[in-house]
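Notes for the one structure printed next.
Hydrogens, waters and symmetry mates are skipped; everything else that's a heavy atom, side chains included, is used. This chain uses plain numbering: 1 for the first residue, then up along the sequence.
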Amino acid sequence: MILSLVVACAVDNADTGVSFDYPLDDVLRFNHLQAVGTHNSYHMRTPGLEVDAWDYEHAPLDEQLGSQGVRQFELDIWYDGNGGFDVFHVPAVDATSTCATLRDCLDTMRQWSDDNPAHHPLYTLLEVKDEFDAADPGDLLDALETEVDASWPEDRRVSPSDVQGDHATLAEAVAEGWPTLGALRGQALFVLHAGDDYRQLYTDGDTTTEGRVLFPDAYGDTSLPIAATSSMNDPWDTEGIASALAAGHLVRTRADSDGDQARANDMSDRDQAFAVGAHFVSSDFPVPHEDTGYVVAVPGGTPSGCNPVTAPSECSPEAIENPEFIGE
């Protein structure tokens, strides 16, 4: 049970030669941070394709983690029918990716994590693009768990059962507070970002996450006993986001979409996303837009920071993640 772990603040990792010391690691919790994420994190421009909404390109995932400070990702996955998953946006039309398969993507992230064990927990949405009846959904979900576990085994992954512990439901557990950062450093959390049909099958009718690898996306529904993570794309849904935060959910929202804000250099959605207290603020522009300079970064982050709604007063960005302990 992660919640009951005794945390050592100072770590000397013999495998990487990285030493780090986080004095507040037994105080600060996962839901006390705020970090930048990327939308369609694998996406590259398709030569010759002129669609404004798709006119953005991300660096490889390890470069995003290193030099760009991204800590939340979104991967569009397409089941290949043989136990694997391809990663791309739209078949044939917009299908260029920095990592062609889910295993490639996960292994890239895992290698960076191995080299940088002082990072705070990563958060990745796995968006199932297949229609519910396009393949056997049970086989698809089983294959998805197998793929994640192959790259990020249990000791490196935040799992629903670990977080739930002795509580009756996952929702009850996170309402009392997430595990500490010290208990979760060097780990990653994965979200089943899919429709109700997939979620209900995965959770036995929204009743349990016992033994599961992924956290089901509740999309702001605080009534679900299996709810702990919520994607809420509209940062101006202040009431909904406040409700999800009060319930202990980790909330992901978006600072921009379709490149509209970047082309206009309109920072109102971005600033609202941070102010409302979303834990992960997703963007197509973790580096400045080439024409306008529009960019999304946590105010005062190093690269992540303290959540303005949920973090205690003693929190500091360096206590969330200190750049002295992270390489590129």
Derivation and outcome, side chain to side chain contact (heavy atoms under 4.5 Å, CB included), residues Trp112 and Ile326
CA-CA 10 Å; Trp112 182 89; Ile326 305 293; 3.7 Å; yes
Give the intermediate values and the outcome of side chain to side chain contact (heavy atoms under 4.5 Å, CB included) for residues Val251 and Leu245.
CA-CA 7 Å; Val251 174; Leu245 293 177; 3.9 Å; yes
Please determine whether side chain to side chain contact (heavy atoms under 4.5 Å, CB included) holds for the pair Arg45 and Asp55, giving the CA-CA distance in whole Å, both sets of side-chain angles, and the decisive distance to 0.1 Å.
CA-CA 6 Å; Arg45 290 185 177 91; Asp55 186 23; 2.5 Å; yes
Report the C-alpha distance between Asp149 and Thr146 in whole Å, list the side-chain angles of each, state the deciding distance to 0.1 Å, and finish with yes or no for side-chain hydrogen bond (donor to acceptor under 3.5 Å, both in side chains).
CA-CA 5 Å; Asp149 189 64; Thr146 298; over 6 Å; no
Would Arg212 and Thr203 count as a side chain to side chain contact (heavy atoms under 4.5 Å, CB included) if you check the C-alpha gap in whole Å, the side-chain angles of each, and the deciding distance to 0.1 Å?
CA-CA 8 Å; Arg212 286 307 195 182; Thr203 60; 6.0 Å; no
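Within the 4.5 Å cutoff, the side chain of Arg263 has no heavy atoms near those of the Asp291 side chain. Ile320 places a side-chain heavy atom less than 4.5 Å from the side chain of Leu181. With contacts defined as side-chain heavy-atom distances shorter than 4.5 Å, the pair His289/Asp284 does not qualify. Residues Glu63 and Ser67 meet the side-chain proximity criterion, which asks for heavy atoms closer than 4.5 Å. You'll find the side chain of Leu140 reaches within 4.5 Å of the side chain of Phe85, heavy atoms only. Proximity of Pro308 to Phe274: side-chain heavy atoms (C-beta onward) are nowhere separated by under 4.5 Å. Tyr79 places a side-chain heavy atom less than 4.5 Å from the side chain of Asp139. Asp196 is not listed as a side-chain neighbour of Phe132, based on a closest heavy-atom distance of 4.5 Å or more.
Note on Met232 and Val191: separate hydrophobic clusters, where clusters join Ile, Leu, Val, Met, Phe, Trp and Tyr whose side-chain heavy atoms are under 4.5 Å apart, directly or indirectly. Val298 and Phe285 end up in the same hydrophobic cluster when Ile, Leu, Val, Met, Phe, Trp and Tyr side chains are linked at under 4.5 Å. Hydrophobic cluster membership is shared by Leu24 and Leu33, with clusters built from Ile, Leu, Val, Met, Phe, Trp and Tyr side chains linked at under 4.5 angstrom. Placement of Tyr56 and Val36 within a single hydrophobic cluster is found when ILVMFWY residues are connected by side-chain heavy-atom separations under 4.5 Å, directly or transitively. Val70 and Phe280 fall into different hydrophobic clusters, where Ile, Leu, Val, Met, Phe, Trp and Tyr residues are linked whenever their side-chain heavy atoms come under 4.5 Å apart, directly or through other members.
Figure legend: Arg185 and Tyr22 shown as a cation-pi pair, the cationic atom lying under 6.0 angstrom from the six-membered ring centre and within 45 degrees of its axis.
To the nearest 0.5 Å, atom CG of residue Leu125 and atom OG1 of residue Thr38 are 9.5 Å apart. The line from CG of Leu189 to CZ of Phe215 is 4.5 Å long, rounded to the nearest 0.5 Å. Summarising the geometry, atom CZ belonging to Phe73 is positioned 10.0 Å from atom NE2 belonging to His58; distances are rounded to the nearest 0.5 Å. Separation of atoms CD1 (Ile77) and NZ (Lys129) is listed at 10.5 Å; rounding is to 0.5 Å. Considering CD of Glu318 and SG of Cys306, their distance stands at 8.5 Å, rounded to 0.5 Å. Atoms CD and CG, on Gln111 and Asp62 in that order, are 9.0 Å from each other to the nearest 0.5 Å.
Scanning both residues, Pro23 and Asp26, for their nearest heavy atoms gives O-OD1, 3.8 Å. Scanning both residues, Arg254 and Ala273, for their nearest heavy atoms gives O-CB, 4.4 Å. For the residue pair Leu28 and Pro312, the shortest heavy atom distance occurs at CD2-CG, 3.6 Å. Smallest separation of non-hydrogen atoms from Pro225 and Thr169: O-CB, 3.4 Å. When every heavy atom of Ala278 is checked against every heavy atom of Asn307, the shortest pair comes out as O-ND2, 3.7 Å. Scanning all heavy atoms of the two residues, the minimum distance from Cys105 to Leu75 falls at CB-CD1, 3.8 Å.
Using bins of under 30°, 30° to 60° and over 60° for the plane-to-plane angle, the ring pair Phe20/Phe325 lands in the tilted bin.
Aromatic ring centres of Tyr219 and His193 lie closer together than 6.0 Å.
His43 and Asp94 form a side-chain donor-acceptor contact under 3.5 Å, judged by distance and modelled atom types alone.
Within the 3.5 Å criterion, the main-chain N or O of Asp256 finds no donor-acceptor partner in the side chain of Ser283. Of the possible polar contacts, one joining the Gln64 side chain to the Ala59 backbone as a donor-acceptor pair under 3.5 Å is found. A donor-acceptor contact shorter than 3.5 Å is absent between the side chain of Gln200 and the backbone of Asp206. Using a distance-only test at 3.5 Å, with no hydrogens or angles considered, no donor-acceptor pair links the side chain of Gln261 to the main chain of Asn265. Formation of a donor-acceptor pair under 3.5 Å by the Thr180 side chain with backbone atoms of Val27 is not found in this model. Between the side chain of His39 and the main chain of Ser257, no donor-acceptor pair closer than 3.5 Å is present. Without hydrogens or angle criteria, Thr229 side chain to Pro216 main chain gives a donor-acceptor distance under 3.5 Å. Thr302 places a side-chain N or O within donor-acceptor distance of the main-chain N or O of Glu321, the cut-off being under 3.5 Å. At distances below 3.5 Å, not a single donor-acceptor pair connects side-chain atoms of Trp178 with backbone N or O atoms of Val163. Not a single donor-acceptor pair under 3.5 Å links the side chain of Asp130 to the backbone N or O of Ala134.
Salt-bridge annotation for Arg157 and Asp162: absent, with no side-chain N of the basic residue lying under 4.0 Å from a carboxylate O of the acidic one. The existence of a salt bridge linking Asp107 and Arg110 is excluded, since no basic side-chain nitrogen approaches an acidic carboxylate oxygen closer than 4.0 Å.
Atom CD of Glu57 sits in a crowded spot, with more than 12 heavy atoms from other residues, nucleotides or ligands closer than 6.0 Å. The number of heavy atoms from other shown groups lying within 6.0 Å of CD (Glu314) is above 12.
When the side chain to side chain donor-acceptor pair (under 3.5 Å) test is applied to Gln34, no partner is found at least two apart in sequence or on another chain.
Screening Val148, Asp217, Val87 against Leu126 for a side chain to side chain contact (heavy atoms under 4.5 Å, CB included) leaves a single residue, Val148.
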